[in-house]
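Heads up: the structure comes next, in structure tokens.
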Protein chains: 2
Amino acid sequence: MALEHAILVSLLEKPGSGYELARRFERSIGYFWTATHQQIYRVLKRMETDGWVAAREVPQQGRPDKKEYSVADLGQAALSSWLHEPIEPESVRHDLAVKIRGAAFDDPAALVREVERHRQVHTDRLAHYLAGEERDFPGEYPAGAGVEPDAERELQHVVLRGGIAYERMMIAWLDDVLTTLRRFGPGR
Amino acid sequence: MALEHAILVSLLEKPGSGYELARRFERSIGYFWTATHQQIYRVLKRMETDGWVAAREVPQQGRPDKKEYSVADLGQAALSSWLHEPIEPESVRHDLAVKIRGAAFDDPAALVREVERHRQVHTDRLAHYLAGEERDFPGEYPAGAGVEPDAERELQHVVLRGGIAYERMMIAWLDDVLTTLRRFGPGR
DNA sequence: CGTTGCTATGCAACTGGTTGCATAGCAGGA
DNA sequence: TCCTGCTATGCAACCAGTTGCATAGCAACG
């Protein structure tokens, strides 16, 4: 399980409340790890009792108070030991691939719309990533010349580049899928 | 949930026992949908009581008997209706991306080995896919000239091409990650 | 003043997936 | 003969993740 660790990383990058974390999981972090707010609150509570994070009541004006969490020493240690133990390359789950192979026993042409919809989602995500890269990492080259560069920033960037590469690959593949599907007439 | 549907597709491609399905989920299907044998047996039993699949006792020589499952009409209908309803583009979970961003708060250089290990796994999978493509789809071109081509075969191929594209993308990205990681010295 | 909507947190029930363990047939080698 | 190993199936307990619902503060709008 890596939700705890994803939360630790996010809180190290910037402390925040459960609510704020949930919002981050809808955006940047959410592109490689998803979690609902219920899950986050539950895990956060467990992490607090385990001493991984410390909570601080923050009164706010114009909105309800919040509990701002930050990483405690135990949490830092837990993250560190997790980083040092090997993990298995993630197991993939592609519903769409199941559908595509299943379409052979139904109506291949009927999948075209669905695949086009997915393609649109990936195109949107790519545009969103590229905008984020433009905004947060302008004028940076993969092989920058600076001595001892900023690790946090560079590593965020390389993860983002991974997202970009993934979306580009998906779009190209979905085009391949569409070409293939369109070779079959309607009906079975 | 798509495990039921993945099983239906697999059984339509070729009927088989729970054990055989479990083995398939370790290979071809397993590359876009994972499942353990326990999960498969449990779901298979439910599918049988729901009338989605039919079981047939097959006595074997030299090994225990097996229950061979094949898809029933209700299962075919269930698959068809699933194929026609839209699904959300899958939520990704990349432990490695969490680790990479987390490495900024620990020791970036210590991740090099782990990333190299992952790169090796993806290289192996790519080789495995390419060998399978060579074996099962020799001398085929993306835009084949045949009229009314074999849907099952072509759709299996396009899914395989997706796997190949994914592995190539991952290898290239992991190289990018390694280059980035190596710019940081050991220790924090 | 009531409604809508955003921030902020949480419980309870359920479903899907994992892990550990158990059983049994049979083959082949030590 | 016993042990290892592969085929084949399954139970029980647990853990992670989802869904539905509930509450509450406060702002802005009509």
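Keep in mind that the numbers below use all heavy atoms, side chains included, and drop hydrogens, waters and symmetry copies. The sequence lines fix the lettering, A, B, ..., with proteins before strands; numbering per chain opens at 1.
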What pairs with B:His84 under side chain to side chain contact (heavy atoms under 4.5 Å, CB included), at least two apart in sequence or on another chain?
->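 By the side chain to side chain contact (heavy atoms under 4.5 Å, CB included) rule, B:His84 matches A:Asp106, A:Ala110, B:Ser80.
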
For atom CG of B:Asp95 and atom P of D:dA16, their distance in whole Å =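 Going from CG in B:Asp95 over to P in D:dA16 covers 13 Å.
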
State, without any angle test, whether B:His157 and B:Arg161 hold a side-chain donor-acceptor pair at a distance under 3.5 Å.
-> yes

Does a side chain donor of either A:Arg56 or A:Ser70 reach within less than 3.5 Å of an acceptor in the other side chain?
->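 Judged by distance alone, the side chains do not pair up.
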
Would B:Tyr19 and B:Tyr41 count as a close aromatic pair, with their ring centres under 6.0 Å?
->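 Centroid separation for B:Tyr19 and B:Tyr41: 6.0 Å or greater.
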
Below 6.0 angstrom between ring centroids: does that apply to A:His37 and A:Phe25?
-> no

Think B:Arg42 has a side-chain N or O under 4.0 angstrom from the OP1 or OP2 of D:dA12?
->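 Negative; the distance criterion is not met.
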
Relative to the 5' end of DNA chain D, which residue comes earlier, A:Arg46 or B:Gln60, by the nucleotide with the nearest heavy atom?
->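 The 5'-side residue here is B:Gln60.
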
Earlier contact from the 5' end, DNA chain D, for B:Arg23 and B:Arg93 | B:Arg23

Select base, sugar-phosphate, or nothing to describe what B:Gln38 touches, counting heavy atoms under 4.0 Å on all strands.
-> base

Heavy-atom nearest nucleotide on DNA chain C taken for A:Tyr69 and for B:Thr34; more 5' hit belongs to A:Tyr69

From CA spacing to verdict: salt bridge (Lys or Arg N to Asp or Glu O under 4.0 Å), B:Glu152, A:Arg101 | CA-CA 7 Å; B:Glu152 186 177 333; A:Arg101 274 173 73 154; over 6 Å; no

Between which nucleotides of DNA chain C, 5' to 3', does chain A make heavy-atom contacts below 4.0 Å?
-> C:dT7 to C:dG17

B:Glu85 atom CD: more than 12 heavy-atom contacts under 6.0 Å | yes

Note: contacts of residues 2-20 of chain A with DNA chain C (heavy atom, under 4.0 Å) are A:Ser17, A:Gly18, A:Tyr19

B:Thr179 side chain to B:Asp175 main-chain N or O, any donor-acceptor pair under 3.5 Å?
-> yes

